[in-house]
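Have a look at the structure below before the remarks.
All ligand and atom numbering here is 1-based and tracks the order in the structure. All values derive from a computational prediction rather than experimental measurement.
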Amino acid sequence: MRIKNIRERPISLSDPMSNAGISYLHMTASAVAIDIDAGEKGIVTGYGFSSVGRYAQSGLIAERFAPRLMACEELEGADGGLDPVRAWASMMTNEKAGGDGDRAGAIGVLDMALWDAAAKIEGMPLWQLLSERFNEQKYHKHVPVYATGGHYYPDGDVNALMEEVKGYLDQGFKTIKIKCGQNDIADDCARIEAALSLLDYDGSRLAVDVNCMCSTSRETQEMADAYSPFKLAWIEEPGHPHDFELLTALTKYYDGPIATGENLFSMSETYNLLSYGGLRSDRDLVQVDPALSYGIFEYTRIIALMEAGKWSRSQLVPHAGHLLAYHAVAGLQLGAHEIAARPDFLLGGLHDGVEIADGEGTLPQSSGIGFETHGKLWEVLKTV
Ligand code: MG
């Protein structure tokens with residue numbers, strides 16, 4: 001069993017939305033297709049699509065990781081199926097420790113395509129394969145989900161934000177995440193109050209993502225003072241992802257849950273976060289994104305790392321809401337899945353046929369990751 005061909009194409013995600021840190025007008029992602037010679041099963045094609053927020057990785061894929069995969073002479077595992085962990089080891093050949101960065105996303109999107117192919121070869125959805133290989137055949141029968149949105153738009157205002165949140169409630173979501181931090185604290189509070197007015201003023205149903213807007217402890221404390229009365233589900237990414245001193249100070253000052261980790265890209269970076277970030281295992285959430293962090297194998301090591309300490313895998317809530325993460329949340333029994341819920345966004349929504357009700361999603365049944373059953377993404381991927 002070996003790879004016959006690897007194709008990658010950068011795709012524009014151009015969108016008018018922005019958060020406190022970045023605009024999506026010039027954002028790109030890598031779309032990947034990998035053909036596997038699966039012997040009697042013929043040629044099986046696995047697909048990958050980068051997670052959002054870190055750009056296409058065409059150069060790294062073309063120069064280093066695709067050639068190393070093509071050089072792999074055998075990818076069959078002990079059970080006779082495709083073993084993406086063997087492929088992962090070959091991609092990491094001659095890569096020094098540390099310096100994860102964009103490399104982790106380049107490997108992550110290739111790893112995604114390999115897992116898609118591996119599940120297709122087994123004739124099962126990826127959540128089932130992950131459950132069998134890594135989770136003693138346990139899985140979520142109902143997948144906990146929340147809607148993410150509430151970005152800033154050039155012509156946006158609080159009324160438009162409320163319309164957006166209403167749309168997510170109509171889709172069956174119970175918990176919503178919105179963006180704050182682009183303007184002043186008064187503007188943040190107006191946005192939070194507007195969203196809460198649609199959520200029975202229940203702060204446990206609203207999360208707020210400030211996308212690293214705070215640089216000093218004074219700023220985090222001002223934010224905590226302003227947000228505390230709302231008793232939010234969590235505050236996300238308060239400061240720079242490597243500023244553990246700032247994060248520790250905030251977790252000592254603010255009782256409510258904090259979520260972070262979407263800008264950390266490996267087990268070792270997660271180890272540092274858990275060791276030095278001051279996070280509290282009884283309430284805080286770790287949002288490392290498997291597609292940006294070397295893929296599924298590294299993520300299973302992160303789960304093992306957390307469970308070796310005092311953390312539960314239910315505190316893992318992966319960033320971004322791509323289809324790979326939905327399978328990981330389901331098959332590895334993670335805390336919840338983030339869904340980019342705006343219907344017209346390229347990565348928005350889930351597979352056709354997956355239903356959301358009461359804050360939970362049903363399990364997709366098509367084999368692999370199921371990109372073929374996500375209308376918008378498949379329009380792009382089928383051209384690769
Ligand atoms: Mg975030």
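- Geometric assessment of K166 against the ring of Y168 yields a negative cation-pi assignment under the 6.0 Å and 45° thresholds.
- Side-chain rings of W115 and F134 approach one another, their centers coming within less than 6.0 Å.
- Residue E236 approaches the Mg ion (ligand 1) most closely through its N/O/S atom OE2.
- R191 contributes no side-chain N or O that, together with a main-chain N or O of C180, makes up a donor-acceptor pair within less than 3.5 Å.
- For D209, the N, O or S atom closest to the Mg ion (ligand 1) goes by the atom name OD2.
- Side-chain contact, S58 with E8: a donor N or O sits under 3.5 Å from an acceptor N or O.
- With 2.8 Å as the limit, E262 counts as an N, O or S neighbour of the Mg ion (ligand 1).
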